[in-house]
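Accompanying notes for the structure given below.
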Amino acid sequence: MVQIRLTNTRTRRKDPFAPIDPADVRLYLCGPTVYDRAHLGNARPVLVFDLLVRLLRHVYGDRAVTYVRNFTDVDDKINAEAQRRKIAGSALSLEALIAERTEETIGWYHADMDALGALRPDHEPRATEYIVQMVEMTRDLIAKGHAYEAEGHVLFDVRSFPEYGKLSGRSVDDMIAGARVEVAPFKRDPMDFVLWKPSSDDLPGWDSPWGRGRPGWHIECSAMSAALLGPHFDIHGGGIDLQFPHHENEIAQSCCAHPQAGFANVWLHNEMLQVEGKKMSKSLGNFFTVRDLLDRGVPGEVIRFVMLSTHYRKPMDWTEAKAAEAEAVLRRWRGLVAGIEPAPSPAPAVIDALCDDLNSAGAIAALHELAAKGDGAGLLASAHMLGLLMPDMGSWAEAGDAAAAQIEVLLAARLEARKARDFARADAIRDGFAAAGVEVKDTASGPQWSLAPGFDPEALSALVRARGR
RNA sequence: GGUGGGUUGGCGGAGAGGUUACGCACCGGAUUGCAAAUCCGUGAAGACCGGUUCGAUUCCGGUACCCACCUCCA
């Protein structure tokens with residue numbers, strides 16, 4: 001069996017991956033807060049974990065992997081959006097407005113991630129479905145002396161957990177010295193964080209031993225991972241920005257609630273996304289969602305390819321140039337594998353690259369080499385390993401039947417003109433193809449065509465009409 | 001101020017203590033009515049300063065610059 005190696009944030013090393021139970025490899029990815037469309041940065045951990053899950057299933061078997069990704073549907077941003085709709089005159093109750101907002105956002109999220117070829121996780125728990133478990137875990141943490149109640153809040157006592165800060169390499173004292181922590185008067189220590197907080201009447205809330213309230217952000221992942229994967233599982237991940245405080249706090253909660261379990265063995269964090277060399281932000285005007293790109297005609301497969309062409313632990317720069325290059329490569333490859341059945345297994349070079357800390361860029365290089373050798377079957381099987389060249393994701397690269405028929409007619413006319421040595425006429429058709437976004441290649445076995453990025457069906461029709469004159 | 005990451009050829013982007021990464025672009029050749037595509041081939045690199053070593057772009061130390069996190073954030 002091949003050996004997978006992964007860089008573990010906890011150990012700061014690339015370690016051989018050894019599952020707790022090879023028959024049930026368990027992963028948890030921190031999912032989105034469902035208050036708005038997913039932006040491009042949200043897609044990165046999804047694609048990294050998608051690749052990881054595909055690799056784990058390849059190595060350990062399709063049924064031997066359990067992949068959990070949550071939806072955070074308790075959040076002040078969701079509440080704010082619901083309140084905005086209420087103020088705007090909605091007749092629905094606040095609870096109904098919140099449900100409406102989260103439902104539609106989850107629908108968008110599924111549609112957008114599906115478009116990128118990301119497999120759905122085995123479980124997609126919502127925070128609101130696990131309030132009971134969160135309350136129970138909070139109660140347990142108080143009983144074990146790791147949390148305390150103060151003014152309707154329940155706070156985690158960071159000083160009760162000596163390991164606090166280990167994941168992110170910080171010490172509580174250093175962080176306090178940084179003087180950027182919010183000091184609430186009822187906290188024993190400025191770094192203590194909220195497990196439960198009171199809700200006013202205009203906010204969603206649940207009954208608890210500490211009154212009507214709602215959970216803090218971090219407790220949901222501790223409660224849901226324990227419920228679905230158990231207190232000890234294999235891999236936990238997300239963006240590097242979650243390393244602190246979110247994952248640090250999850251570790252504190254889970255390890256204190258289940259002292260012997262160990263929580264997640266491997267912590268996997270992806271670096272952040274940039275756009276044209278700059279941080280993606282609303283203020284810089286370079287902020288966009290996955291849907292924005294899809295609507296602009298950038299195929300999901302192209303987004304996926306660009307994302308995978310940079311190693312997950314490096315900052316990834318989204319540029320128009322990369323998208324154009326990716327599109328050209330995918331068109332060429334799709335042409336190469338058209339009508340070919342995939343080989344029985346992916347190329348060893350591709351598996352080796354992926355096993356080496358998910359070296360997707362190295363795997364893509366190996367795909368290039370397969371393509372250069374003309375090994376279409378190997379290319380197809382190996383690309384499938386990366387979720388590329390999938391049969392159901394190629395419609396963007398294909399012409400409709402009508403366009404195909406028109407192109408065939410024009411190709412026949414050009415051939416006729418060339419036979420008659422009427423090169424002016426033949427070249428006019430060729431130029432027309434180029435203008436319409438149809439790429440024609442004259443090969444030894446006759447002309448082959450494909451669609452270029454700017455394909456224009458109108459221009460093609462006009463070309464057919466012009467030929468009649 | 002604290003923590004972590006980065007700096008590779010024209011551009012993108014990997015691995016490896018010594019042997020071509022790979023892709024795009026460029027250049028030369030084959031091919032073509034001329035092209036495009038394709039094929040063959042050439043060239044081009046590792047921020048800076050030290051150290052270890054027979055040998056470092058790869059390991060170690062320092063400097064500079066960049067980025068992220070430390071506050072909701074993937």
Side-chain angles (χ1 to χ4, degrees), chain A residues 7 9 12 29-33 35-36 38-49 69 72 75-77 80 165 167-182 191 217 237-248 269-274 277-282 305-306 308-317 319 321-322 324-326 328-329 332 335-336 349 352-353 356-357 359-372 374 417-419 421-424 426-427 430-431 433-434 438-445 447-450 452:
Chain A
T7 297
T9 308
R12 287 162 216 289
L29 173 65
C30 287
T33 301
Y35 69 102
D36 204 355
H39 64 248
L40 191 58
N42 293 120
R44 197 170 187 199
V46 172
L47 290 174
V48 169
F49 263 65
R69 183 181 66 208
T72 298
D75 182 86
D76 287 345
K77 289 191 285 289
L167 179 74
S168 51
R170 300 152 201 256
S171 76
V172 173
D173 292 327
D174 285 348
M175 286 187 279
I176 293 168
R180 291 181 71 178
V181 288
E182 176 197 359
M191 294 309 296
W217 173 37
I240 188 67
D241 54 335
L242 292 184
Q243 183 190 22
F244 186 90
H246 184 54
H247 289 160
E248 199 72 72
H269 290 107
N270 60 275
E271 253 296 343
M272 309 304 277
L273 178 120
Q274 299 184 323
K278 295 202 170 82
K279 177 179 174 162
M280 182 165 81
S281 73
K282 286 177 180 167
F305 187 101
V306 171
L308 296 183
S309 64
T310 297
H311 187 89
Y312 76 92
R313 295 188 66 248
K314 286 202 167 182
M316 141 97 225
D317 194 14
T319 65
K322 281 187 187 177
E325 192 178 318
V329 169
R332 186 150 29 87
L336 185 66
D352 288 350
D356 182 12
D357 200 22
N359 185 358
S360 49
I364 287 173
L367 295 183
H368 278 297
E369 290 179 40
L370 291 168
R418 290 176 70 188
K419 273 187 183 161
R421 301 196 68 78
D422 183 353
F423 295 123
D427 290 354
R430 182 176 72 196
D431 294 346
F433 274 138
V438 178
E439 220 165 63
V440 176
K441 304 171 185 175
D442 291 319
T443 69
S445 55
Q448 286 185 351
W449 58 268
S450 58

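Because only heavy atoms are used, hydrogens play no part in the values below, and waters and symmetry mates are left out as well, while side chains stay in. Naming convention: chains lettered A, B, ... in sequence-line order (proteins, then strands); numbering from 1 in each chain.
Using a 4.0 Å heavy-atom distance criterion, A:Gln274 is classed as a sugar-phosphate-only contact. Heavy atoms of A:His269 sit nowhere under 4.0 angstrom from any nucleic acid atom. Among the protein residues, A:Asp317 comes within range of no part of the nucleic acid, since none of its heavy atoms lies under 4.0 Å from any strand. Within 4.0 Å of A:Leu29, counting heavy atoms only, lies no atom of the nucleic acid at all. No engagement by A:Gln448 is indicated, since no non-hydrogen atom pair under 4.0 Å with the nucleic acid exists. Heavy atoms of A:Phe244 sit under 4.0 angstrom from primed sugar atoms or phosphate atoms, though from no base atom. The residue A:Val440 sits close to a base: some heavy atom pair falls under 4.0 Å. Looking at heavy-atom distances under 4.0 Å, A:Arg69 makes no contact with the nucleic acid at all. Base contact: A:Gly41 has a heavy atom under 4.0 Å from a base atom. As judged by a 4.0 angstrom heavy-atom cut-off over every strand, A:Asp442 is placed among the base-contacting residues.
Closest to the side chain of A:Trp217, from the set B:C24, B:A14, B:C72, is B:C72. For A:Ala426, the side-chain atoms get nearest to B:G33 when compared with the rest of B:G23, B:G33, B:A74. The nucleotide whose nearest atom lies closest to any side-chain atom of A:Arg418 is, among B:A14, B:A21, B:G33, B:G33.
Taking atom CD of A:Glu271 as the reference point, atom C1' of B:G13 lies 16 Å away to the nearest angstrom. To the nearest angstrom, P of B:C73 lies 10 Å from NE2 of A:His247. For the pair A:Arg421 CZ and B:C34 C1', the interatomic distance rounds to 11 Å; values are reported in whole Å.
When both pairing distances are held under 3.5 Å, B:C65 makes a Watson-Crick or G-U pair with B:G6. B:C11 is paired with B:G23 under the criterion used here, namely a Watson-Crick or G-U wobble arrangement in which both key atom distances are under 3.5 Å. Base pairing of B:G1 is made with B:C70, judged by Watson-Crick or G-U wobble geometry with both donor-acceptor distances under 3.5 Å.
For the side-chain contact (heavy atoms from CB on, under 4.5 Å) with A:Arg313, the qualifying choice from A:Val48, A:Ile240, A:Thr7 is A:Thr7, the only one to do so.
When the C1' atom is used for both B:C67 and B:U31, the distance is 48 Å, rounded to whole Å. Spacing between B:C26 and B:G33 at atom P, rounded to whole Å, works out to 24 Å.
Closest non-hydrogen pair, A:Val440 versus A:Pro447, comes out as CG1-CB, 4.2 Å. The two atoms that bring A:Ser360 and A:Leu308 nearest to each other are OG-O, 2.7 Å, heavy atoms only.
Taking syn as a glycosidic angle within 90° of 0, B:G18 does not qualify and is anti.
A salt bridge is defined here as a Lys NZ or Arg NE, NH1 or NH2 lying under 4.0 Å from an Asp or Glu carboxylate O, and A:Asp442 with A:Arg418 meets this definition.
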